[in-house]
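Letters A, B, ... are given to chains in the order of the sequence lines, protein chains preceding strands, and every chain is numbered from 1. These numbers were taken from a predicted model, which means no experiment stands behind them.
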Amino acid sequence: MQPVKTVKKEPVKVRETAHGERSKTFEEVVLGYNEPEALAEAARCLQCKNPVCSRGCPVGIDIKSFISSINNRDYRGAYLKIREKNDFPSICGRVCPAEYQCRKACVFTKKNEPFASDNAINIHFLERFVGDYGMDNGCSIPVKKDPKLSGFKVAVVGSGPAGICFAGELARAGVKVVVFESLHKTGGVLRYGIPPFRLPRNILDFEIDCLKTAGAELVPNVIIGKSKTIGDLKKEGYDGIFLGLGAGCPSFLGIPGENLCNVYSANEFLTRVNLMSAYKFPEFHTPVNIGKRMVVIGGGNTAMDAARSALRLQKMAGIPADTTVFYRRTELEMPARRLEIGHAKEEGVKFKFLVQPVAFTGDDKGLVKKLGCLECGLGEPDSSGRRRPVPVEGSEFESDCDIAIIATGLKANQVLINATPELKTDKYGDVIVDKETMETSIGGVYAGGDIVGGEGTVIEAMGMAKRAAKAMLKRLKKEE
Amino acid sequence: MNKILSKTILTDIPGAKVTGMSIEAPEIARSACPGQFVAIMASEKGERIPLTIVGSCQKTGAVSIIFQEAGLTTKLLGRMNAGESVYSIVGPLGHPTEIRQYGRVIIVGGGVGIAEILPVAAALKTAGNHVTTILGSRTRDLLILEKELKSVSDDFYVTTDDGSYGTKGFVTDILNRLLTNGQRPTTNDERGYGLVYAVGPIPMMKAVSKVTSVAGVRTLVSLNALMVDATGMCGCCRVTIAGEVKFSCVDGPEFDASSVDWDELAKRNNVYSEKEKHICNLSKL
């Protein structure tokens, strides 16, 4: 651990829409740095001899170097530097949990802090600035079509972060790529899961368009495992297959009353709101119910997204905002981004910590009305390193709740896996791969993203997709 | 976008209009099996709704659906014509019906559920089963697919609530008679029934289940739970089966009738009824 360096200048605050206004819409909250702000923040970087920040990045972006390019006002250079490791700087600059990654590793973060100190360089905002610059100024990385690869065709299953990253890598190398998406729109969790106020749709659409420009074909409404099988794809002459299915299956709590009406999984609630645009009902036809007392259970980013969406829906419907997050541990242990916990609080989301839901109860129409909980204390750390919640006997209490959203995790969707018995999975139902090559138990079939690692981040998915792309290109060129 | 190849109005009674459509979807047509369904969006701003695949033709690449106009989406779909295109269709979804030799089977269809039993009845007949079909309808003019089902049935019954056609009463009246010893209308075959397969309104399926569990005949029902993605992603369609939570879309849509929590399903299916009414009123549909 290096000694904490002295901070000479205050970090540059990022501009945001005022919280009174923003929580009535699904418009983006963080507005990002403009050029002078980016220059001022970049100038704070010490350009350490030993840049530990990069070690905190799951894909090892050369952070020192791209910040140095910003210092030299060489934004194109900065963009190309990031693109060496990260295909989607505009997306990652918005959704990466930087306070647990690069910024936590930054020398300005105090020793033994659970997440980045406020003084740590705002690497994510700089990345976003550079990414958006690249997007607005037509920066692109050179396409190096390899003549050895022409004539090959590869299928990608899923158009989420892993799938589109993998597809981009292969398309730019000159391989014919077809991406199959089960939903009617591409983008996977970036579209159905992350709300537009965190990731505006034009950013996502831009990345998808880039993929098309690179020559990849995107086919929505095809479920591999149902519409076609892996075997069908092989018969159709695909030389390689990449599985980027994600972790799309919601977990429930397994407590009484969970099937009462208006108890949603976060996936259902967010899919209605984000993918189906239920927040624009009745212009869009998919409804979502809005309550007077909305409760979200969980402490991760999905819980924050659900709570902030719920609160917005209440405000848009003219209902006094009353959305509460119930979490078993305390704020310190919440896996959500600190930035988004902060945003949720500013917007008016309430938090109830150290509570464990035990039962939902409803009325005679089957509508949920109350959530029964136990209070918890914190015990010894568990396998995640976080202190385990211990319910206190006799501490039962009830809270009013007319909409409940369960955001306690996701597991692998088993549709393709059930249709592909030769595909080996672990006890969680995740696909088993060779860690170096990301190849599955089926030769020529690779996998990456949440279907391999369980719920992770966009950048982790991208890291896996890049490893898989490298290995598949090698295989196609017969360099193994 | 998928083109509507043809459209047939099956019944045109106010409040109970039933339409059949054949839609171009070659990849679905190639792999569809009886018992499976599609998720369909009429327009880009529309909902995804599940509809049973009533038929499919590999040659023309068409899948056929039959729907009763109930909510906004089915009403909008009903206003579309051959030559126009639906925004999206995906499938085949759900597990296919297990088609094998059961011996004697009874197929029960009520209302628009009659459309859903047709492919299953036909496949069971082809597999060599003795097929008895019971169709239930509120009234004669609402009865659909009589000819088609008759042609795949060895024994065939129709009941109407008002007695305007067939036997006056409910499907369960006939079912009860068939399953009660000594009163079986076809007396030349004493083998028992191996399967009852029923699709229709929840009260009908619940009533069928009551009759068949007393008689001890295995009964399958295809559930019409609300869905969003219909691919196992959201849990909107969760149902309680023998005390366990299942997703209709990926674990079903068929389940053992005696294990279904019918009241829960009925309540869950009602959860957007006010919003549905509101949007239909706004759209003057």
Side-chain angles (χ1 to χ4, degrees), chain A residues 181-185 189 192-193 219-223 225-229 232 246-252 254 258-272 275-278 280-290 362-367 406 410 412-415 418, chain B residues 2 25 27-28 30-32 36 38-39 41-49 71-73 76 87-95 228-240 245 247 249-251 261 263-272 274-276 278-283:
Chain A
E181 167 58 45
S182 68
L183 292 169
H184 56 280
K185 282 195 166 159
V189 70
Y192 74 75
V219 188
N221 297 313
V222 177
I223 305 188
K226 285 284 180 194
S227 316
K228 296 173 185 213
T229 62
D232 291 335
C249 180
S251 298
F252 286 89
E258 206 164 16
N259 280 6
L260 284 165
C261 301
N262 292 331
V263 178
Y264 290 92
S265 73
N267 248 24
E268 179 186 351
F269 186 77
L270 290 172
T271 298
R272 285 180 181 274
L275 175 72
M276 307 308 295
S277 303
K280 295 185 199 159
F281 182 89
E283 180 198 348
F284 284 74
H285 306 165
T286 302
V288 69
N289 283 341
I290 308 162
D363 64 9
D364 52 4
K365 288 187 190 134
L367 300 165
I406 299 167
L410 297 164
N413 188 314
Q414 298 295 308
V415 168
N418 289 340
Chain B
N2 298 69
E27 301 216 315
I28 303 174
R30 208 191 39 205
S31 43
Q36 291 188 297
V38 290
M41 282 173 85
S43 66
E44 193 174 359
K45 292 181 177 177
E47 283 182 279
R48 293 167 67 96
I49 62 156
L72 182 74
T73 305
L76 290 174
Y87 175 70
S88 82
I89 179 167
V90 62
L93 302 168
H95 291 295
V228 185
D229 64 284
T231 64
M233 234 181 65
C234 83
C236 174
C237 66
R238 59 194 195 277
V239 286
T240 302
V245 176
F247 289 7
C249 65
V250 290
D251 299 321
D261 183 336
D263 295 343
E264 178 185 279
L265 176 65
K267 283 172 180 165
R268 287 187 64 85
N269 276 3
N270 247 333
V271 70
Y272 296 108
E274 271 173 45
K275 285 211 155 63
E276 193 69 63
H278 174 62
I279 197 172
C280 286
N281 286 341
L282 279 179
S283 316

- A:S265 and B:R238: side-chain contact (heavy atoms from CB on, under 4.5 Å), yes or no, with the steps? CA-CA 10 Å; A:S265 73; B:R238 59 194 195 277; 5.6 Å; no
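- Under the 4.5 Å side-chain criterion, counting only non-hydrogen atoms from C-beta, B:V90 is not in contact with A:V222.
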- Message: The test is side-chain contact (heavy atoms from CB on, under 4.5 Å); show your working for B:I89 and A:N221 and say whether it passes.
- Response: CA-CA 7 Å; B:I89 179 167; A:N221 297 313; over 6 Å; no
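- With a threshold of 4.5 angstrom between heavy atoms, A:K185 approaches chain B through side-chain atoms but not through N, CA, C or O.
- Contacts with chain B were tallied for A:N262, A:L275, A:N259, A:N418; A:N259 has the most, counting heavy-atom pairs under 4.5 Å.
- For the pair B:G235 and A:P250, the tightest heavy-atom approach, listed with the atom from each and the gap, is N-CG, 4.3 Å.
- Side-chain contact between A:H285 and B:S43 is present, with heavy atoms from C-beta onward closer than 4.5 Å.
- For A:Y264, the ring-ring contact (aromatic ring centres under 6.0 Å, His included) partners at least two apart in sequence or on another chain are A:F269.
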- Task: Would you check, one step at a time, whether the test side-chain contact (heavy atoms from CB on, under 4.5 Å) holds for A:T286 with B:K45?
- Result: CA-CA 8 Å; A:T286 302; B:K45 292 181 177 177; over 6 Å; no
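- Side-chain contact between A:L260 and B:K267 is absent, with no heavy-atom pair separated by less than 4.5 Å.
- Across B:A266, B:C234, B:A32, the residue that shares the most heavy-atom pairs under 4.5 angstrom with chain A is B:C234.
- The shortest side-chain heavy-atom distance between B:Q36 and A:K226 falls under the 4.5 Å cut-off.
- With a 4.5 Å cut-off on side-chain heavy atoms, A:Q414 and B:V250 do not count as touching.
- A:K365 and B:N270 are not linked by any side-chain donor-acceptor pair at a separation below 3.5 angstrom, with hydrogens and angles left out of the test.
- Under the 4.5 Å side-chain criterion, counting only non-hydrogen atoms from C-beta, B:R30 is in contact with A:K228.
- Side-chain contact between B:V245 and A:E258 is absent, with no heavy atoms from C-beta onward closer than 4.5 Å.
- For a residue to count as touching a neighbouring chain, one of its non-hydrogen atoms must lie under 4.5 Å from one of that chain's; by this rule A:V263 touches chain B with backbone and side chain alike.
- You'll find the side chain of A:F284 stays beyond 4.5 Å of the side chain of B:E47, heavy atoms only.
- For A:S227 against B:G91, the heavy-atom pair with the smallest separation is OG-O, 2.9 Å.
- The part of A:T271 that comes within reach of chain B is its side chain, from C-beta onward, which places non-hydrogen atoms under 4.5 angstrom from that chain.
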